[in-house]
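The structure follows.
Quantities reported herein were computed from a predicted structural model and do not represent experimental measurements.
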Amino acid sequence: EVQLQASGGGLVQAGGSLRLSCAASGFTSADYTIGWFRQAPGKEREGVSCISKRDGDTSYADSVKGRFTISSDNAKNTVYLQMNSLKPEDTAVYYCAAPASYGLEYCTVFQYDYDYWGQGTLVTVSS
């Protein structure tokens, strides 16, 4: 059974940084894909970033390009989202997710491509 555990959220001032972690387990192949999504109060869930471990392909939403970086630690089966230069509009519950398919050459930040979801971690950015 695939399980995803997101952590690392918290309260930070605008301009600050946080690193989110997504601990993954239960995959039957190392070539899985992880996506990060977020949902702000009263808004729809949106894709933030993703990484396909087969070839290391990454993708970012325009709103976070240049500020967020996704990476993976294969030894720890953990994917990180380093968030720098945080803005109040980054405030949201952040989720990590994975599609059921393995060996994807490219990843997307389209939520309907994802089948497994972890619980969220709250990020609050104060102005």
(message) Could you list the cluster mates of Trp117? Members are the ILVMFWY residues connected by side-chain heavy atoms closer than 4.5 Å, either directly or through other members.
(response) Phe37, Val93, Tyr95, Tyr114, Leu122
(request) Using the side chain to side chain contact (heavy atoms under 4.5 Å, CB included) rule, take Asn74 and Ser72 through it: C-alpha gap first, then chi angles, then the decisive distance, then the call. (result) CA-CA 6 Å; Asn74 294 336; Ser72 68; 3.6 Å; yes
(request) Ignoring hydrogens and angles, tell me if any N or O in the side chain of Thr121 forms a donor-acceptor pair with the backbone of Gly9 under 3.5 Å. (result) yes
(request) Would you give the length of the straight line joining atom CD1 of Ile34 to atom CG of Leu81, rounded to the nearest 0.5 angstrom? (result) 12.0 Å
(request) Could you tell me which non-hydrogen atom of Ala14 sits nearest to which non-hydrogen atom of Ser127, and how far apart they are? (result) CB-CA, 4.3 Å
(request) Would you confirm whether Asp57, through its side chain, and Cys107, through its main-chain N or O, come within 3.5 Å as a donor-acceptor pair? (result) yes
(request) Can you sort out the partners of Ser29 under side chain to side chain contact (heavy atoms under 4.5 Å, CB included), two or more places apart, ordered by chain and number? (result) Asp31, Tyr102
(message) Main chain of Glu46, side chain of Gln39: is a donor-acceptor contact present, judged purely on distance under 3.5 Å?
(response) no
(request) Would you confirm whether Ser59, through its side chain, and Thr108, through its main-chain N or O, come within 3.5 Å as a donor-acceptor pair? (result) no
(message) Run the side chain to side chain contact (heavy atoms under 4.5 Å, CB included) test against Thr58 and tell me which residues pass, sequence neighbours left out.
(response) Ile51, Tyr60, Ile70
(request) Work out which heavy atom in Gly47 is nearest to a heavy atom in Ala61; give both atom names and the distance. (result) O-CB, 3.4 Å
(request) Look only at the side chain of Asp73 and the backbone of Ala75, and say whether a donor-acceptor pair between them is shorter than 3.5 Å. (result) yes
(message) Quick check: do Leu104 and Pro99 have side-chain heavy atoms less than 4.5 Å from each other?
(response) yes
(request) Treating Ile, Leu, Val, Met, Phe, Trp and Tyr as nodes and any side-chain heavy-atom pair under 4.5 angstrom as an edge, say whether Leu4 and Tyr80 lie in one connected cluster. (result) no
(request) Ignoring hydrogens and angles, tell me if any N or O in the side chain of Thr91 forms a donor-acceptor pair with the backbone of Glu89 under 3.5 Å. (result) no
(request) Hydrophobic side-chain clustering at under 4.5 Å (ILVMFWY, transitive links): who's grouped with Val109? Put none if nobody. (result) none
(message) Nearest 0.5 Å, please: how far is OG in Ser7 from CD in Gln119?
(response) 8.0 Å
(request) Might you work through the side chain to side chain donor-acceptor pair (under 3.5 Å) test for Gln111 and Asp113, ending with a clear yes or no? (result) CA-CA 5 Å; Gln111 61 176 317; Asp113 287 342; over 6 Å; no
(message) Testing the 3.5 Å rule here: is there a donor-acceptor pair between the side chains of Asn84 and Ser17?
(response) yes
(message) I need the minimum non-hydrogen distance between Ala6 and Cys96, along with the two atoms involved.
(response) CB-SG, 4.0 Å
(request) Sequence neighbours left out, what passes side chain to side chain contact (heavy atoms under 4.5 Å, CB included) with Asp90? Give chain and number order. (result) Arg38, Arg67, Phe68, Leu86, Lys87, Tyr94, Val125
(request) Could you tell me whether the side chain of Asp55 and the main chain of Glu105 form a donor-acceptor pair under 3.5 Å? (result) no
(message) So, using side chain to side chain contact (heavy atoms under 4.5 Å, CB included) as the criterion, who are the partners of Asp62 when residues are at least two apart?
(response) Lys65
